[in-house]
Amino acid sequence: MSHDSAPDLLVLHAVRILGYADAPAIAARYALDEALTQELLGDAEAYGWVTRTEFAGLGGWSLTDRGRPENERRLAAELDQVGGASEVGEVYQQFLPLNTRLQRACTHWQLRPTDTDPLAANDHDDPAWDAAVHAELAAIDLALGPLARRLGDVLTRLRGYDARFANARQRAVAGDGGWVDRTDVDSCHRVWFELHEDLIATLGLSRTTA
């Protein structure tokens, strides 16, 4: 049976996964009550694990240097409690080659090299080039499903990445290419980045060594 994480763990983890977000977005990440989320953010701030800053009229929460190891300590304890390290670790090993393919697909969406410029921006005037990217994203989408289901069987908070990725890909196929790689919508790239960060955090790895 999948394990449901405690709200205080989810709030702290949502801050990490989202990087910088306001309380409503943090609450929405794991469908938490907004008032409870505000209260738990206040508790985490009192412990020095999160901090709220404002920039250009926008405010948001982020992890502090003390918050990151606290987040990882809690995730490690949770994973040990449910005995899920082996399963999540195996999924991560199967995720890595897909990660390489996803990064390459996003690069091909942004760049279309020419004879004179290997870094030429993709102007999306070559239907065959873009179709190849969509085909690769469809293959990654298909491969992600079984991995996401295995993760969701261990921890409930790991559910949903496959559905979000599929939704973004379908929007891109429908004609809004921003759903491939934009960072201000729940695009294929954004969903994938969050999944990668979630796996790294859950397994206690770092991006430089993972």
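Each residue takes its place number in the sequence, starting with 1.
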Checklist entry - Step by step, would you call D141 with R169 a salt bridge (charged side-chain N to carboxylate O under 4.0 Å, His left out)? => result CA-CA 8 Å; D141 187 357; R169 191 181 68 78; 2.8 Å; yes
Checklist entry - Taking the six-membered ring where the residue is Trp, are the ring centres of H124 and W109 under 6.0 Å apart? => result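 H124 vs W109: aromatic centres under 6.0 Å.
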Checklist entry - Could you walk me through whether D8 and R74 pass the salt bridge (charged side-chain N to carboxylate O under 4.0 Å, His left out) check? => result CA-CA 10 Å; D8 56 343; R74 292 182 179 212; 3.1 Å; yes
Item to check | Non-neighbouring partners of H189 that pass ring pair (Phe, Tyr, Trp, His ring centres under 6.0 Å), sequence neighbours left out | outcome: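 Here no residue qualifies.
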Checklist entry - Counting only N and O atoms by type, is there a donor-acceptor contact under 3.5 Å from the side chain of S5 to the main-chain atoms of R157? => result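 Flag not set: sc S5 to bb R157 has no pair under 3.5 Å.
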Item to check | Sidechain-backbone polar pair: W129 side chain, H108 backbone, donor-acceptor under 3.5 Å | outcome: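 Side chain of W129 to backbone of H108: a pair is present.
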Checklist entry - When you look at E87 and R150, which way does the salt bridge (charged side-chain N to carboxylate O under 4.0 Å, His left out) test go after all the steps? => result CA-CA 8 Å; E87 179 71 349; R150 288 174 63 184; 2.9 Å; yes
Checklist entry - Taking the six-membered ring for Trp, are W192 and F95 parallel (under 30°), tilted (30 to 60°) or perpendicular (over 60°)? => result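 Because their plane-to-plane angle is under 30°, the rings of W192 and F95 count as parallel.
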Checklist entry - Under 3.5 Å, is there a donor-acceptor pair linking the side chains of D181 and S187? => result no
Next on the checklist: Whether the T51 and T64 side chains hold a donor-acceptor pair (N or O, under 3.5 Å, no angle test) is what I'd like checked.
Outcome noted: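 No, no side-chain donor-acceptor contact under 3.5 Å.
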Item to check | Pairs involving residues 4-28, ordered by first then second residue, that meet ring pair (Phe, Tyr, Trp, His ring centres under 6.0 Å) (sequence neighbours left out) | outcome: none
Next on the checklist: Go through it in stages, so that I can follow the logic: the residues are E194 and R190, the test is salt bridge (charged side-chain N to carboxylate O under 4.0 Å, His left out), and I'd like the CA-CA distance, side-chain angles, deciding distance and then a yes or no.
Outcome noted: CA-CA 6 Å; E194 285 189 19; R190 177 168 174 164; 3.6 Å; yes
